[in-house]
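As structure tokens, the structure follows; a few thoughts come after it.
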Amino acid sequence: MAVPQVKQDATEARLAGIALPEGAGWAVTARQAALARVREMGLPHGRDEYWKFTRPDTLIAPQAPSAALFDAGEAPLFGARDRLHVVFRDGVFDAAASDPLELAGIEIERLSDAMARDIHWARDLYGTLEARGQTPVARPLAALNTALATDGLVIRVTGKPARPVSLSYLHDSETSDVHLHHVIRVEPGAELTLLENGPAAARFNKVMEVDIADTGVLHHVRAQGRDHERRAVTGSFARLGAGSVFKSFTLTVNGVLTRNECVIELTGDDAVAHVAGACLGDGADFHHDDTVFVTHDAVNCESRQVFKKVLRNGATGVFQGKILVKSGAQKTDGYQISQSLLLDGDSQFLAKPELEIYADDVACSHGSTSGAIDETALFYLRARGVPERQATDLLVLAFLAEALEEIDDDSIAEELTDRLKAWFDRRA
Amino acid sequence: MLEIKNLHVKLEEEDKQILKGVDLSVEAGKVHAIMGPNGSGKSTLSYVLSGRDGYAVTQGGATLEGEDILAMEPEERAAAGLFLAFQYPVEIPGVGNMTFLRTALNAQRKARGQEEMSAADFLKLIREKAKTLQIDAEMLKRPVNVGFSGGEKKRNEILQMAVLEPRMCILDETDSGLDVDAMKLVSDGVNALRDACRGFLVITHYQRLLDHIQPDVVHIMADGRIIKTGGPDLALEVEKNGYADILTEVA
């Protein structure tokens, strides 16, 4: 289908004057192919089926809108953990602030270093999973990322490292416009925990391609925050082999615009994919969008989507989640729930849950709810002496708990829960 | 302790008068019981005193130790020492019973300008109180009232009362949904809290709760008013003859 003129124009406006970064032959080829995909699809437009609830204008504008920095004056998340710490400052690897890139059980290096070499394992993956994820729904901003990203990490997990890899995304420039791209390959039987934290940039476009071989395991936990004016579009593309596990959790607090896309392909039997998110939005300048697409293409796989959003003072939450079960994917166990807690009449939750099933022996369920705070529970708490604001916070935390429970590591779940309590006050 | 004077209350949403001039005075150290037929306004009285939304006071008032409690937020009434044991305790998924109790206790202490209780001291306190009410550790860990049986919910109310140590306790049909053994356990819990500084208002349909929690004064409520006040014998009379006689006698 031809790309409408209005989209072509917007796409060319965005690409005007941009030169593809240099690198080894395979990297250049991958970038050129990605750029061709961008032109073929055109950048997102408000009339696109999956962009009806979230305006893409500021994400595709040639110039990134500036974003004021926000200093919460608090210790960064995950800072007290024993970890391999890697820092990106406005999307650029900060060697001085990072630990040496060495950890038993993984090979890890900077994307730009990998791309400079003619022979590298990442060549088979870079842009590959992103390209696979473009059908049936186009994700042009991810292709744009593949074309333009110069920094990021390539991680090959060969064992079970004792420490998590923890990425900190610092935001120091009010005008930073960043493309970051990670490639992760988990080898058979290997297991890694990957943590991400921070606002990253004024406008942040991140892609993470994850290829999990048979029986491999990846735990992914990220916290996006807390700058109020930052924008982010992220794409996680995961392909799962037989008996492998991918668990991803995202906490989002603040941010004028966040679009998190997650595209999961279960290609081996008995694989498990859980993707969950909790978000806390305060104010009309908060817009948060989870767009998830899970494809079951193997037997006896399990997928779970658990998304909870708390919205107040005119905040907007979006959930677009799909489970696609292909014809051979018998014994699929698919689950999807999206819920919002609307603390006032000004906030809104827009949900589009979808199931598309071509196998006849599957169990798939989905549900979506929007509700206000339980007044009876609120009165009960107040009648026991808990002030209204504190009682509300307690009920909000209880609402989000179901999503936080998706995190396997209790100590990480606890750290996020404790932090959330302090974040109920938007400006604190 | 608790003084209710000529209290008139109507529903906020509709023009329906529920309480039509209640006068009641509960002294420290005393247990007052309110009995009455369905729809007489007993539960409304407990809700209005504890600050539930949906009611409008049109006349009269209520004070606790001289303070106008009707002007206070529900949490301020609790901090002032008022406690309502709910007829239908509320389930709160996702909030642990222990967290709930500790948050409530410390919120009250803070409101009264007292130090918050440490986690260790709180644990000691709750273990001791829970034991006498036969509430096990498992029940304390579970979310508030979620999956609790009727008896467990009522025992949990009394546990909260024991931990929060209010000055004025209102029990709204605490006996409903209880079997004989549970009623004994709950009553023992209440009786253990009886002392010279604390007042009780026990709302019930039936005399049998009053066998266990023996009242000093019994009131009969009908059509939004206290229509008769007497000693413990009045409850026995109701048990024997029902409300009909009293209603006729007053009319």
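All heavy atoms count here, side chains included; hydrogens, waters and symmetry mates do not. Each chain gets a letter, A, B and so on, in the order its sequence line appears, and its residues count up from 1.
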| query | When rounded to the nearest 0.5 angstrom, what is the spacing between CZ in A/R382 and CG in B/D53? | reply | 7.0 Å
| query | Highest number of heavy-atom pairs under 4.5 Å with chain A: which of B/E91, B/R77, B/Q160? | reply | B/Q160
| query | Between B/A104, B/P89, B/P166, B/P143, which shows the greatest number of heavy-atom pairs under 4.5 Å with chain A? | reply | B/A104
| task | Identify which part of B/R52 has an atom lying under 4.5 Å from any heavy atom of chain A, answering side chain, backbone, both or neither. | result | both
| query | Is it true that atom CZ of B/R112 has more than 12 heavy atoms of other residues, nucleotides or ligands lying nearer than 6.0 Å? | reply | yes
| note | Given B/A79, B/P74, B/A80, the one with more heavy-atom pairs under 4.5 angstrom with chain A than any other is B/P74
| message | Once rounded to the nearest 0.5 Å, what's the spacing between atom OG1 of B/T103 and atom CG of A/L381? | response | 8.5 Å
| query | Any idea which heavy atoms bring B/E75 and A/E388 closest together, and the distance? | reply | OE2-N, 3.2 Å
| query | Can you say whether A/E405 sits under 4.5 Å from chain B via the side chain, the backbone, both, or neither, judging by heavy atoms? | reply | neither
| task | Step through the shown structure and confirm whether more than 12 heavy atoms of other residues, nucleotides or ligands are within 6.0 Å of NZ on B/K153. | result | yes
| Taking atom NZ of B/K30 as the centre, does the number of heavy atoms from other residues, nucleotides or ligands within less than 6.0 Å exceed 12? | no
| field | B/D121 atom CG, neighbour heavy-atom count above 12 within 6.0 Å | value | yes
| query | Counting heavy atoms not belonging to B/F122, are there more than 12 under 6.0 Å from its CZ? | reply | yes
| Distance from A/F379 atom CZ to B/Y47 atom OH, nearest 0.5 Å? | 8.0 Å
| field | Residue pair A/A398 / B/P93: nearest heavy atoms and the distance that separates them | value | CB-O, 3.4 Å
| request: Determine the minimum heavy-atom distance between B/A107 and A/G385, stating which atoms define it. | output: CB-O, 3.3 Å
| Validation row: A/Y380, B/N145 side chains within 4.5 angstrom (heavy atoms) | yes
| request: Assess whether atom CD of B/E115 is packed by more than 12 heavy atoms of other residues, nucleotides or ligands within 6.0 Å. | output: no
| Check ion pair B/E157-A/R384 (N to O, under 4.0 angstrom) | yes
